[in-house]
2 protein chains.
Amino acid sequence: MSELVELTQRERDALDALELRQRHVRRGAILQRENEPCGELFILRRGLMMSYVLLDDGSRQILRFLFPGDMLGISSAIYSEAPETLCALSDSVVSPFDRAALADIMRTHPRLSAMILVYSQIERVSLTDRLAALGRTSAKARVAALLLDLRNRLRATDKAIDSTFVLGLTQEEIGDATGLTAVHVNRMLRQLEEEGMIAREGGRVTLLDSSGLAFAANYVNRYEGLDLRWLPSAA
Amino acid sequence: MSELVELTQRERDALDALELRQRHVRRGAILQRENEPCGELFILRRGLMMSYVLLDDGSRQILRFLFPGDMLGISSAIYSEAPETLCALSDSVVSPFDRAALADIMRTHPRLSAMILVYSQIERVSLTDRLAALGRTSAKARVAALLLDLRNRLRATDKAIDSTFVLGLTQEEIGDATGLTAVHVNRMLRQLEEEGMIAREGGRVTLLDSSGLAFAANYVNRYEGLDLRWLPSAA
DNA sequence: CGTGTGTTTGATTTGTTTCAACTACAGTGG
DNA sequence: CCACTGTAGTTGAAACAAATCAAACACACG
């Protein structure tokens, strides 16, 4: 959060208070299950997670990939039953806190409240981008968009990452995120490779033509282009 | 907002202050255009609107239909350029206000800030429902879900509406919302009609088997099942 | 009365899924 | 150490859902 605004000491303290506890979650472990009561929120400290829903024909739609620094479970906090499942894609560390802590922040830190709203709106716009992708773009464009988004969000926590990164996802997971079958994801990756847009070897992907990919995928990085000058001043 | 929590007089006054001005917008008029600078937010007072994005092959994805009481343009407010277009589907009335007014509320009314966050999370979950629908369900299920959602949200402002309502949308608009072509939407509506799930005559739709539709469409009304007991107390 | 927008229907094509088989590889236990 | 198992990736052929193309039709509107 300190990347977008200069936080005061009091604000930093309030955020640190959310991260007092730590919980380790193994790869594949489920932090919160769809349709089960859910009291807790989390901040992801380390690792890669995802949120998804299951449809009653057994198919899965991955809603979002979650990276260190992300706040998890806000949407679940407003319902008596969780609307989505939270699951670890790699061994991860989270800091759980309860809804009362969120309410406390909203009461005493107006600017942090505004920042939470800002992040939830960034997430909203990312979701609408994906909605447009699923509704109106080709399989290849969707896979390209996913690769670009993964790269950009990994880069947010690790500036060392440039065009090469480890794709910590199976092709089935890519399919469940893009609304495709694993088989077709495979063909699209292969096609992108043949066209010289990407290279692959042993779980690592290299984006050879980022701007070409971004153009083909209609991709916009929603963590850029913000205007937060209107935020309330720090308390 | 007063449907979810009991507002104090001061809170009501603060919300009323946002609605001092009124602007009439004609059917088809655009309130905010994608990629253009955007300062204003709006509260929709009367009418039906939508938000959409255009892709560069000319196709359109409708992101959300907007009903009286909805706050419009929060996501645009955090960017220097609007991520989506706001357009009136019927003659409508909106109350414009600026970002500073939103900042004011966040500074002085913690519980209203929390409510704004709650509404933006309800919207988020609705968007993820649609994401799952576009990614993983059939054309028929998507059309059914749209009809159910329209009915439920119309009902929120007009309790008189039961199973029959005027579908203020063209089949092309339904297609742009569900990721289908107008031609295919037509066939799906026809099929739902033949199966006895709905009836149609002159722009009016009747849901003959709501629960059957809800089951086929995996539909959940996201304005229900909330748990807001944790909200900060009124200032 | 013509014009345009929206709806309906049919024939054909296309992108994606499904099904099936096969490869590569890591982990496990005998 | 090696057979066994399971998971992930790859490839081809067939089936299918939805798009595309094309043509009528209905109807409101100027």
Side-chain angles (χ1 to χ4, degrees), chain A residues 26-28 50 55 57-62 87 89-91 133-147 166-195 198-205 216-217, chain B residues 26-28 50 55 57-62 87 89-91 133-147 166-195 198-205 216-217:
Chain A
R26 283 273 159 63
R27 191 164 84 82
M50 64 175 168
L55 307 190
D57 67 346
S59 63
R60 173 176 70 172
Q61 176 67 47
I62 294 178
C87 176
L89 283 160
S90 69
D91 290 352
L134 294 208
R136 291 297 185 214
T137 74
S138 69
K140 206 199 293 182
R142 291 183 230 170
V143 173
L146 181 141
L147 292 177
V166 284
L167 213 189
L169 302 174
T170 66
Q171 295 181 354
E172 180 158 17
E173 284 157 353
I174 297 176
D176 285 345
T178 53
L180 303 169
T181 57
V183 172
H184 205 55
V185 167
N186 183 290
R187 292 193 237 262
M188 294 303 103
L189 285 171
R190 186 149 295 283
Q191 237 178 285
L192 288 170
E193 197 171 22
E194 276 167 20
E195 291 166 7
I198 66 171
R200 297 183 299 157
E201 36 102 31
R204 301 178 66 80
V205 178
Chain B
R26 284 271 159 66
R27 190 163 86 83
M50 63 176 168
L55 306 190
D57 67 346
S59 63
R60 173 176 70 171
Q61 176 67 49
I62 294 178
C87 175
L89 283 160
S90 70
D91 291 351
L134 294 208
R136 290 297 185 217
T137 75
S138 68
K140 206 200 292 184
R142 291 183 230 169
V143 172
L146 181 140
L147 293 177
V166 285
L167 213 188
L169 304 174
T170 66
Q171 295 181 354
E172 180 157 18
E173 284 156 353
I174 297 176
D176 286 345
T178 52
L180 303 169
T181 58
V183 173
H184 204 57
V185 167
N186 184 288
R187 291 194 238 263
M188 293 304 103
L189 285 172
R190 187 147 295 282
Q191 237 179 284
L192 287 171
E193 198 171 21
E194 278 167 19
E195 292 167 6
I198 66 171
R200 298 183 299 155
E201 36 101 34
R204 301 178 67 78
V205 178

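All chains are named by letter (A, B, ...) in the order of the sequence lines, taking the proteins before the strands, and each is independently numbered beginning at 1.
Between I174(A) and L167(A), some side-chain heavy-atom pair lies under the 4.5 Å cut-off. The closest side-chain heavy-atom distance from V185(B) to M188(B) is not below 4.5 Å. Side-chain contact check for Q61(B) versus L55(B): every heavy-atom pair is 4.5 Å or farther apart. At least one side-chain heavy atom of L189(B) sits under 4.5 Å from a side-chain heavy atom of L147(B).
At most 12 non-hydrogen atoms from other residues, nucleotides or ligands lie less than 6.0 angstrom from CZ of R27(A).
Across all their heavy atoms, A217(A) and A145(A) have their closest contact at CB-N, 3.6 Å. The two residues R136(B) and R60(A) have their closest heavy-atom pair at NE-O, 3.0 Å.
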Reading 5' to 3' through nucleotides 8-23 of chain D, protein heavy-atom contacts under 4.0 Å coded B for base, S for sugar-phosphate only, - for none:
SSBBBB----BSBB--
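Recorded end-axis angle for the helix from dC1(C)-dG30(D) to dG30(C)-dC1(D) stands at 30°, based on five pairs per end and rounded to 10 degrees.
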